[in-house]
Asker: 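Dropping the structure in here first, questions after.
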Amino acid sequence: MRTTKLFILFLFITALSINAQTVKKTIHVEKAGTLVSVLTEAEANEITHLTLTGNINAIDFKHLRDEFVKLQVLDLSKVNIRAYTGKAGTHPDKLYVYMAGNIPPYAFFKYVNGVPAGKKTLQAIILPDKVRNIEDKAFFDCNALEICQINKNTPPNLLPEALNDTLTAVFLPNGGSDKYRQKVRWENFVFIDSEPTIATINIGTDSSLESEIQKMGLHPKNINFLTLKGKLDSDDFKLIRDYMPNLVVVNME
């Protein structure tokens, strides 16, 4: 079962960049604050899918925000977020004390000449299970961020304007959603107790959406992101409407 979930998650991450060149990189950061020392700016700006391990702090978040211009999927599930005090972090023009275990304020957002500028490329983020707080405006104005995966059943504190509940779906371990719904500022999010599942389906003239889903070995209720090609009929729309309760996005372009 675990292998199947990982394979589905791989499909999801791959499909996010189906129309663009995908550049994946895994980087171990031994000392917090040194992420950019292990690669050039040109290398950083080509990465679309980044997995970090080791130790990071607010300095690294600032580089992730301001460089890595094509970054779409960021996996922080295996990092330790270390404390930092100084002016080189994400907070604008201010000496700030960044606490360990927190997604820092303004992590992926800043003002440019007074205009809000979230990280527009960021589509999915996986947070570590030790995260305590998601601080003010951490993901504000990140208008492409559809996935936030948090690998813990106890909800972290969500500070003002940290995450958009009308845009971002939150994926949790099984059974985690009830606790999140009872937590302040988490009440209105869409919660899904699984890892993200994506299906890209081409419906031929002699097939149906139902039969193609069966061929993939999926159940309609488990599909979160659905891209459809080919020809749809009324039975297909009925299947989407009645049997896909966890559908977050459907692309019929």
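In what follows, residues are counted from 1 in the order of the sequence shown. What you see is a predicted model, and the numbers here were worked out from it, not measured in a lab.
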Asker: Would you call Lys62 and Asp66 a salt bridge, taking side-chain N to carboxylate O under 4.0 Å as the test?
Answerer: no
Asker: What heavy-atom pair brings Lys119 and Glu67 nearest, and what distance separates the two atoms?
Answerer: NZ-O, 2.9 Å
Asker: How close do Asp236 and Lys231 get, heavy atom to heavy atom, and via which atoms?
Answerer: OD2-O, 3.9 Å
Asker: Check whether Asn80 reaches the backbone of Asn55 with its side chain - one donor and one acceptor, N or O, closer than 3.5 Å.
Answerer: no
Asker: Find out whether Cys142 and Asn164 are in side-chain contact, i.e. whether some heavy atom of one side chain is under 4.5 Å from a heavy atom of the other.
Answerer: no
Asker: Measure up the His91 and Tyr96 rings against each other and bin them: parallel (under 30°), tilted (30 to 60°), perpendicular (over 60°).
Answerer: parallel
Asker: So does Arg185 get a backbone contact from the side chain of Glu187, meaning a donor-acceptor N/O pair under 3.5 Å?
Answerer: yes
Asker: Are Val79 and Ile47 connected into the same hydrophobic cluster when the rule is that any two of I, L, V, M, F, W, Y join if their side-chain heavy atoms are below 4.5 Å apart?
Answerer: yes
Asker: Any sub-3.5 Å donor-acceptor pair from Asp141's side-chain atoms to Gly118's backbone N or O?
Answerer: yes
Asker: Leu218 and Ala199: which non-hydrogen atoms are nearest, and at how many Å?
Answerer: CD1-CB, 4.0 Å
Asker: Assess whether side chain to side chain contact (heavy atoms under 4.5 Å, CB included) is satisfied between Leu163 and Leu145, documenting all intermediate values.
Answerer: CA-CA 9 Å; Leu163 195 62; Leu145 184 61; 3.8 Å; yes
Asker: To check you understand the geometry: which heavy-atom pair defines the closest contact between Asp60 and Gly33, and what is its length?
Answerer: OD2-N, 2.7 Å
Asker: For Tyr84, enumerate each residue passing the ring-ring contact (aromatic ring centres under 6.0 Å, His included) test, keeping only those at least two apart in sequence or located in another chain.
Answerer: Tyr98
Asker: How about Tyr106 and Phe108: are their ring centres within less than 6.0 Å of each other?
Answerer: no
Asker: According to the ring-ring contact (aromatic ring centres under 6.0 Å, His included) rule, which pairs have a member within residues 193-220, sequence neighbours left out?
Answerer: none
Asker: For Leu76 and Val131, what are the C-alpha separation, side-chain angles and deciding distance, and is it a side chain to side chain contact (heavy atoms under 4.5 Å, CB included)?
Answerer: CA-CA 10 Å; Leu76 301 178; Val131 64; over 6 Å; no
Asker: Do Asp129 and Asn151 have side-chain N/O donor and acceptor atoms under 3.5 Å apart?
Answerer: no
Asker: I'd like to know if the side chain of Thr48 reaches the main chain of Thr22, judged simply by a donor and an acceptor atom lying under 3.5 Å from each other, with no hydrogens or angles considered.
Answerer: no
Asker: Testing Phe140, Phe109, Phe139 one by one against Glu161 for a side chain to side chain contact (heavy atoms under 4.5 Å, CB included), which residue passes?
Answerer: Phe140
Asker: Do Asn251 side-chain atoms and Glu253 backbone N/O form a donor-acceptor pair below 3.5 Å?
Answerer: yes
Asker: Salt bridge check, Asp178 against Arg181: does any charged N sit closer than 4.0 Å to a carboxylate O?
Answerer: yes
Asker: Just by distance, do the side chain of Trp186 and the backbone of Lys179 share a donor-acceptor pair under 3.5 Å?
Answerer: no
